[in-house]
Amino acid sequence: MKKFLFALLLSIMCVFVTGCASVDFSRTISGNGSIRDEYLITVEKPSSNVTTSNTAKTIFDNFYADASAYCSNLKSDYNQAMNVYFKDDPAQRDYYMNGLQILCRTLDNSSSYVAQISRTYANEDILNMFYLFSTGSLFPSEEEPTPPEEEEDTGYVLEEEYFVIHYATYSKNWFQSFMEDESNREVFASYMEGTEYTMDNFTDSLNITQSYICPSTKMHTNADSVEYDETYGYTKYQWNLTDDVGKDFYLKFYYNIPNATNWYILSAIIAGSVAVMLIVIAVGNYVKKKRAPKDQSNESN
């Protein structure tokens, strides 16, 4: 996976000769459990300098060729591994082989060079299988079972506010995760030698976004924008990471849970206030009734 991301980041080098580029990563979770990851790389075409334009096209074409070869080899290796492991179970083999799709293609756009690289997993099983394969371990070795008395860390954090509790989880954005790998940074920095760019300023002309698309309407995030598609019933959460490069920025996903204790306290305060008001009104009426005969007797005299 890191090799794939590195090939993707090499396309950013086009920014050195064009001045503007963007990398958009999105993950779509469908209602049937399928997952689609997609990278969309866009580099604006220079309009004034023909030489610069040809140079930019050469760089982009080279990137696309490398990315296409990587995607093709990756799927070939994956299918080969499935054939070996499931050689005695054709149904299982076809299930996993057909569940994973890897695509790399260029999109027709007259003003920009655009490449789309995507992966689709049929369901959670496919996602887990491909993860094991891409990390170098297709099938995990047997591990010591977790003792029943020990609770596993779910990764969720409870953040208490006065009336609600955030049942939250955090994850690093894709660009930060890649750049935290020292070997990736060293290789990427080597391409900047002899240029005016450094690891700190190369994103000045680069836009980086990350999107999360899912059918849930109850989930909240710290996204910069949220769009709801009424036609398909999907919510799109999008973060603009351009200004967060180099910062310790995490994507936050959370659900709201009522803070029962404080709601009980508020209810008790309201009930107490109402009770006091009723007592005051009752006492006032009692005093008024007690004084009424005296006032009438004074008027008769």
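Model, not experiment: these values are computed from the prediction. As a basis for the values below, the full set of heavy atoms in this structure was taken, side chains included, without hydrogen atoms, waters or symmetry mates. We number each residue from 1, following the sequence as shown.
- Using modelled atom types, one side-chain atom of Asp224 and one backbone atom of Asn240 make a donor-acceptor pair closer than 3.5 Å.
- Counting only N and O atoms by type, the side chains of Arg93 and Tyr95 include no donor and acceptor under 3.5 Å apart.
- Of all heavy-atom pairs spanning Asn207 and Thr242, the tightest one is CA-OG1, 3.3 Å.
- Listed for the Tyr234 side chain is no donor-acceptor partner under 3.5 Å among the backbone atoms of Glu227.
- With a 4.5 Å cut-off on side-chain heavy atoms, Ile117 and Leu103 do not count as touching.
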Quick one: do Met219 and Tyr237 satisfy side chain to side chain contact (heavy atoms under 4.5 Å, CB included)? Show the steps, please. CA-CA 10 Å; Met219 184 176 67; Tyr237 306 91; 3.4 Å; yes

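- Minimum interatomic distance between Lys57 and Tyr113 (heavy atoms only, all atoms of both residues): CB-OH, 3.3 Å.
- Listed for the Ser68 side chain is a donor-acceptor partner under 3.5 Å among the backbone atoms of Tyr64.
- Within the 3.5 Å criterion, the main-chain N or O of Lys252 finds a donor-acceptor partner in the side chain of Asn222.
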Between Tyr170 and Leu251, does a side chain to side chain contact (heavy atoms under 4.5 Å, CB included) hold up when you go through it step by step? CA-CA 6 Å; Tyr170 291 83; Leu251 312 181; over 6 Å; no

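- Ring-plane geometry between Trp239 and Phe253 is classed as perpendicular, the angle between the planes exceeding 60 degrees on a 0 to 90 degree scale with a lower cut at 30.
- Between the side chain of Ser112 and the backbone N or O of Val114 there is no donor-acceptor pair closer than 3.5 Å.
- With Ser273 contributing its side chain and Ile269 its backbone, the two residues share a donor-acceptor pair below 3.5 Å.
- Residues Gln80 and Met82 are not in side-chain contact: their nearest non-hydrogen atoms beyond the backbone lie 4.5 Å or more apart.
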Decide yes or no on side chain to side chain contact (heavy atoms under 4.5 Å, CB included) for Ser118 and Arg36, but give the supporting numbers first. CA-CA 7 Å; Ser118 61; Arg36 179 184 178 88; 3.4 Å; yes

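- In this pair, Phe25 and Tyr39 present their aromatic rings tilted. The plane angle is within the 30 to 60° band.
- Following chains of ILVMFWY side-chain contacts shorter than 4.5 Å, one can reach Val226 starting from Tyr212, so the two form part of one hydrophobic cluster.
- Gln210 and Gln238 share no side-chain donor-acceptor pair at under 3.5 Å.
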